[in-house]
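Computed from a prediction, not measured in an experiment: that's the story for all the values here. Positions are given from 1, in the same order as the sequence printed here.
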Amino acid sequence: QLCQAIEECKRVILALPEHSERQKDAVVRLIHLRLKLQALKDPDEDEPNIRVVLEHRFYKEKSKSVKQMCDKCSTIIWGLIQTWYTCTGCYYRCHSKCLPLVSRACVRAKVSHQAEYQLSICPESGLDSQDYRCAEC
């Protein structure tokens, strides 16, 4: 079924207009389907080396450093006894147990989908118009 979905996704990508939002979304969907297929083919590992969550591309870290902090729960990652992952796009770090709880999408993926720069910045509009919260919140 995954192979059929991948082939259908390829056909949709070729049928859509180039550089359109729908085509970009279909490419992201194709990548997710291929990663799922790869995970099904390699079930030997108890924890995979690559995990994709909210467009983050997490890689399992092998470093035994103790100086890392989890960006989700804000506690120390004990590299000697805990498994942890780092996103290759935005360098978001978290424990393997915190991985399913990640709620923030990858910033690099957002920028790559929306690669237009905002050239007209209004100086009168400040944090008060955002209710004193960052754009991601």
Visitor: Kindly indicate whether the side chain of K72, heavy atoms from C-beta on, has any atom under 4.5 Å from the side chain of S103.
Guide: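 Yes, close enough: below the 4.5 Å cut-off.
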Visitor: Could you give the distance from CG (L30) to CG (D25), rounded to the nearest 0.5 Å?
Guide: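 Nearest 0.5 Å value for the CG-CG distance: 12.5 Å.
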Visitor: At their closest point, which heavy atom of C87 faces which heavy atom of F58, and how far apart are they?
Guide: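 Smallest heavy-atom distance, with atoms named: N-CD2, 3.6 Å.
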Visitor: Any idea which heavy atoms bring A26 and C9 closest together, and the distance?
Guide: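 So the two residues come closest at O-SG, 3.3 Å.
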Visitor: Apply side chain to side chain contact (heavy atoms under 4.5 Å, CB included) to the pair E18 and Q23, showing each step before the final yes or no.
Guide: CA-CA 7 Å; E18 279 194 43; Q23 187 186 39; 4.2 Å; yes
Visitor: Using side chain to side chain contact (heavy atoms under 4.5 Å, CB included), reason through D71 and C94 one step at a time and then give a plain yes or no.
Guide: CA-CA 6 Å; D71 290 325; C94 66; 5.6 Å; no
Visitor: Could you go through Y92 and C106, starting from their C-alpha distance and side-chain angles, then the distance that decides it, and tell me whether this counts as side chain to side chain contact (heavy atoms under 4.5 Å, CB included)?
Guide: CA-CA 8 Å; Y92 188 92; C106 183; over 6 Å; no
Visitor: When hydrophobic residues are tied together by side-chain contacts of less than 4.5 Å, even through go-betweens, does L33 share a cluster with I31?
Guide: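 Per the 4.5 Å side-chain linkage, L33 and I31 are co-clustered.
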Visitor: Nearest 0.5 angstrom please: R104 CZ to H56 NE2, how far?
Guide: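 It is 6.5 Å, given to the nearest 0.5 Å.
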Visitor: Run the side chain to side chain contact (heavy atoms under 4.5 Å, CB included) check on W84 and R93 step by step: do they pass?
Guide: CA-CA 7 Å; W84 55 290; R93 286 185 207 95; 3.6 Å; yes
Visitor: Would you say CZ of R11 has more than 12 non-hydrogen atoms from neighbouring residues, nucleotides or ligands within 6.0 angstrom?
Guide: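 Atom CZ in R11 is packed in, count exceeds 12.
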Visitor: Do you know the tightest heavy-atom contact between Y85 and L99?
Guide: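 That closest heavy-atom pairing would be CD1-CD2, 3.9 Å.
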Visitor: Can you spot which of R29, Q1, R34 makes a side-chain contact (heavy atoms from CB on, under 4.5 Å) with I6?
Guide: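 Exactly one pass, corresponding to R34.
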Visitor: Treating Ile, Leu, Val, Met, Phe, Trp and Tyr as nodes and any side-chain heavy-atom pair under 4.5 angstrom as an edge, say whether L2 and V12 lie in one connected cluster.
Guide: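 In one cluster with L2: V12, no.
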